[in-house]
Amino acid sequence: MSEVRRAAPALEVRGLDVYYGHSHALQGVDLTLDSGVFSVVGRNGMGKTTLCKTIMGLLRASGGSVRVRGEDITRLSSARIAKAGVGYVPQGRRLWRSLSVSEHLSLAAGMRRGPWTIDRIYETFPRLAERKDHGGGQLSGGEQQMLAISRALLTNPHLLIMDEPTEGLAPVIVAQVEEMLVRLGEDGDMSVLVIEQNIGVATAISKKVAIMVNGRVNRIIDSARLAADRELQQRLLGVGVVGVHAELDTDIEAADASTAAEARPAPPRAAGTAPIRVYISNPTLPTRWSQPAPIARIEAAARTLSTGVTRIEDVARQRRPAGASVQGASGPPVVLVAGTLDTKGEELRFIRDVIAGQGLRTRLVDVSTSGKLSTCDVSAQEIALNHGRGGSAVFGSDRGASVTAMADAFANWLRRQGNVAGIISAGGSGGASLVAPAMRALPVGVPKLIISSVASGDVGPYVGPADITMMYSVTDVQGLNSISRAVLANGANAIAGMVKARLDNQAKTERNAPADLPAVGITMFGVTTPAVQKIAADLRNDFECLVFHATGVGGRSMEKLVDSGMLAAVIDLTTTEVCDLLMGGVFPATDDRFGAIIRSRLPFIGSAGALDMVNFGAPDTIPERYGQRKFHVHNPQVTLMRTTPEENERIGRWIGDKLNRMDGPVRFFLPEGGVSALDAPGQPFWDPEADAALFTALERSVRQTSNRQLIRVKRHINEPEFASAIVNALRPLVGRPGTRRKVAR
């Protein structure tokens with residue numbers, strides 16, 4: 001019986017009918033949610049909120065059934081449905097204005113036991129912790145939505161229903177809610193049904209999207225296809241155009257939709273012209289209490305003044321050799337050609353044409369900050385809407401501020417694109433600064449190439465921890481000539497080759513089925529090498545061990561893979577980059593060290609490796625304030641400084657704060673015999689008092705639970721027994737080797 005119950009869908013709606021008087025609001029709705037996150041979209045008045053209220057028992061069904069994990073809840077009261085494990089985030093939040101944040105949470109806590117507690121809510125939403133004594137009426141719209149979601153999570157539901165969770169929120173808050181929904185779906189602790197009008201959010205959080213029309217589920221479609229095809233969005237949902245009528249092709253089944261779309265001939269369009277989109281950032285007159293208008297609303301209110309643009313697919317089709325296969329226009333992989341079209345338009349279009357000639361689909365994206373309209377596929381005005389303050393933050397008189405704002409907006413936009421096969425740009429230092437942050441946000445493995453005049457110098461600020469390829473332009477990227485044509489063509493063909501090879505490899509991998517070993521990231525320094533070698537050897541048969549040199553960039557590269565979903569766990573044995581961050585060394589971490597672990601909730605095994613040292617250059621480069629300290633010359637270019645008990649206490653508090661913010665399984669090991677090869681009896685950095693200060697600070701700072709533990713080991717970090725303790729702690733957290741699915745978001 002238990003096996004049958006586990007196999008039952010999280011939510012099963014069959015033939016659901018609901019009336020408002022004589023009005024037939026829901027008409028035989030059929031919907032199944034097995035697990036994870038499932039989105040339902042549709043225009044206003046299509047029955048989405050009625051569906052939520054009926055599932056929750058707030059409206060009585062006239063016919064049909066609703067089952068949650070096999071249990072029929074159709075006739076139960078709302079209270080009994082909530083106790084059965086169904087949580088609800090209503091449209092409009094529905095908070096009590098007079099109750100404080102903590103009082104709201106206290107009322108919801110305790111209904112059902114589970115992983116969500118008030119402490120975890122405060123860790124997930126630090127803003128609520130800061131505002132815990134404020135009443136519901138004193139919170140901003142984003143804070144109110146956080147509280148409404150938290151209130152539902154505290155009931156520890158099996159099924160969470162969210163009605164318009166991003167309505168009226170600023171884009172930066174929308175991104176946070178979207179990230180949280182993705183995380184909930186990956187955790188597997190609960191299933192989530194999301195009613196949403198924001199197409200970007202709906203397609204980003206779920207693999208399938210249901211479209212409601214006139215009280216019925218019209219069709220269920222792949223989210224990748226819906227997200228990639230603006231024409232399909234306009235036809236089904238009226239997104240982005242004015243005057244789209246309510247009637248849809250309801251007689252076309254989902255299975256035939258793709259064929260019908262391809263069979264319909266495209267209207268003739270004049271070559272060389274582009275649609276002009278007119279955006280109004282404030283559709284209604286603002287007041288002092290107004291919230292920023294949602295992107296979906298601005299998109300829907302935009303006007304198209306011209307539609308004369310040659311379709312990118314048509315360009316690729318014209319240049320594709322005869323006999324080559326043609327993919328449909330909906331959702332194939334796309335190569336982005338991004339840059340400032342107001343100054344580099346000729347060069348970027350040249351690159352686009354070369355890539356299209358290779359048979360790949362392209363999108364020309366404008367990230368210029370001048371405000372001028374250019375012929376492209378994604379305008380600068382559309383990109384600017386993805387900034388938290390909209391176009392006003394991007395198109396200003398301060399060029400430096402405008403470039404920074406556009407870079408942020410482009411990164412936000414790029415994170416929402418689900419079919420990017422590669423990206424290329426060309427320009428000077430300003431152009432590279434505009435596109436590099438967005439490129440760094442893409443997963444490792446997605447081809448990224450920048451052709452720039454700055455590529456012959458220090459490219460570290462542009463590349464960072466990402467796999468960005470920089471190509472020197474030789475001449476400035478300013479007009480086409482014999483040199484620039486050769487260099488730009490080489491770059492375009494290079495990105496095309498990388499994209500084709502990656503797509504071919506993915507296709508072969510999918511066909512050949514056997515999954516690769518799950519990957520584990522391990523941090524290492526010279527003074528912790530024996531421990532890492534022993535750990536890697538013990539895990540060799542079950543895991544792919546990726547070792548990162550803890551030199552600042554090494555830790556960032558590992559966490560980049562974590563953010564990309566390419567690691568199954570992390571063994572952060574060597575956390576020495578924190579020393580350089582806090583004491584001014586030459587191999588510092590960033591303030592976001594451990595941030596990827598916090599965001600991903602990945603299994604984390606950590607240790608105090610090399611926290612006894614700060615790295616500097618040659619002896620004459622050491623800051624004067626450290627003149628009387630204990631040093632060890634590692635080589636002529638690297639001088640190590642021993643940390644003091646006071647510094648170790650500060651380091652322990654800093655790391656402890658990060659560990660407290662981790663929701664995933666955490667095991668942090670404290671080697672009492674020494675934290676590096678230099679921290680051992682008879683070695684220059686042996687200092688038990690300093691180590692004790694570090695360990696004590698960690699134990700005082702970390703809120704230990706069954707899921708977050710500090711473990712003292714009476715061994716030196718490089719002893720085999722310590723490495724074995726690390727390995728033995730990892731295996732139960734990751735599960736049986738080969739079973740953990742590697743996900744690239």
Side-chain angles (χ1 to χ4, degrees), residues 443-445 465 467 502 505-506 508-551 553-577 594 596-597 600-610 662 664-671 673-677 680 709 711 713-744:
V444 171
D467 55 337
R502 187 167 186 261
N505 289 336
Q506 288 177 342
K508 291 176 183 178
T509 301
E510 291 174 0
R511 286 197 302 269
N512 297 335
D516 295 332
L517 292 176
V520 175
I522 310 175
T523 50
M524 184 184 81
F525 224 32
V527 292
T528 59
T529 298
V532 173
Q533 290 177 334
K534 175 72 165 77
I535 291 169
D538 289 349
L539 296 176
R540 178 171 46 207
N541 295 329
D542 298 325
F543 298 93
E544 181 184 14
C545 295
L546 309 180
V547 179
F548 298 86
H549 201 189
T551 57
V553 176
R556 291 165 61 197
S557 297
M558 182 184 71
E559 295 205 38
K560 172 67 177 176
L561 293 185
V562 173
D563 275 329
S564 299
M566 301 179 72
L567 297 183
V570 164
I571 300 179
D572 207 347
L573 186 83
T574 311
T575 47
T576 185
E577 295 164 329
F594 309 112
I597 311 299
S600 67
R601 302 182 66 199
L602 210 64
F604 177 81
I605 307 291
S607 186
M662 296 181 185
V666 174
R667 305 291 184 269
F668 198 91
F669 285 80
L670 308 177
V675 299
S676 80
Q709 300 176 14
I711 302 171
V713 179
K714 295 184 180 298
R715 298 283 181 177
H716 187 272
I717 194 169
N718 286 328
E719 291 188 53
E721 293 82 1
F722 185 82
S724 297
I726 295 282
V727 171
N728 293 335
L730 172 72
R731 294 188 185 278
L733 301 185
V734 178
R736 189 163 53 87
T739 62
R740 185 176 181 88
R741 182 170 57 92
K742 293 198 291 183
V743 181

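Side chains are part of it too, since the values below use all heavy atoms of this structure and drop only hydrogens, waters and symmetry mates. Numbering starts at 1 and runs along the sequence shown. All figures in this text were calculated on a predicted structure; none of them were measured in a lab.
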Gap separating the [atom1] atom of [X] from the [atom2] atom of [Y], nearest 0.5 angstrom:
{"X": "Cys545", "Y": "Ile535", "atom1": "SG", "atom2": "CD1", "value": "8.5 Å"}
{"X": "Ser607", "Y": "Ile717", "atom1": "OG", "atom2": "CD1", "value": "4.0 Å"}
{"X": "Asn718", "Y": "Thr528", "atom1": "CG", "atom2": "OG1", "value": "6.5 Å"}
{"X": "Lys714", "Y": "Glu721", "atom1": "NZ", "atom2": "CD", "value": "14.5 Å"}
{"X": "Glu559", "Y": "Phe548", "atom1": "CD", "atom2": "CZ", "value": "10.5 Å"}
{"X": "Lys534", "Y": "Leu539", "atom1": "NZ", "atom2": "CG", "value": "9.5 Å"}

For [X] against [Y], the heavy-atom pair lying closest together:
{"X": "His716", "Y": "Phe722", "result": "O-CB, 3.5 Å"}
{"X": "Ala608", "Y": "Thr575", "result": "CA-OG1, 3.9 Å"}
{"X": "Glu577", "Y": "Thr551", "result": "OE2-N, 3.4 Å"}
{"X": "Asp538", "Y": "Ser724", "result": "OD2-OG, 4.3 Å"}

Which donor-acceptor pairs under 3.5 Å do side chains of residues 517-527 form with protein atoms, sequence neighbours excluded?
unit_1: Thr523; atom_1: OG1; unit_2: Asp572; atom_2: OD1; d: 2.8
unit_1: Thr523; atom_1: OG1; unit_2: Leu573; atom_2: N; d: 3.1
unit_1: Thr523; atom_1: OG1; unit_2: Thr574; atom_2: N; d: 2.9
unit_1: Thr523; atom_1: OG1; unit_2: Thr574; atom_2: O; d: 3.4

Can you find a pair of side-chain heavy atoms, one from Leu546 and one from Met566, that are under 4.5 Å apart?
->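 No; the side chains remain at least 4.5 Å from each other.
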
Please examine the side chains of Pro603 and Arg667, heavy atoms only from C-beta on, and report whether any two atoms are closer than 4.5 Å.
->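 Contact flag for Arg667/Pro603 side chains = no.
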
Those residues that, when tested against Asp467, pass side chain to side chain donor-acceptor pair (under 3.5 Å) (two or more places apart) =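 Checked Asp467 against side chain to side chain donor-acceptor pair (under 3.5 Å); matches are Lys448.
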
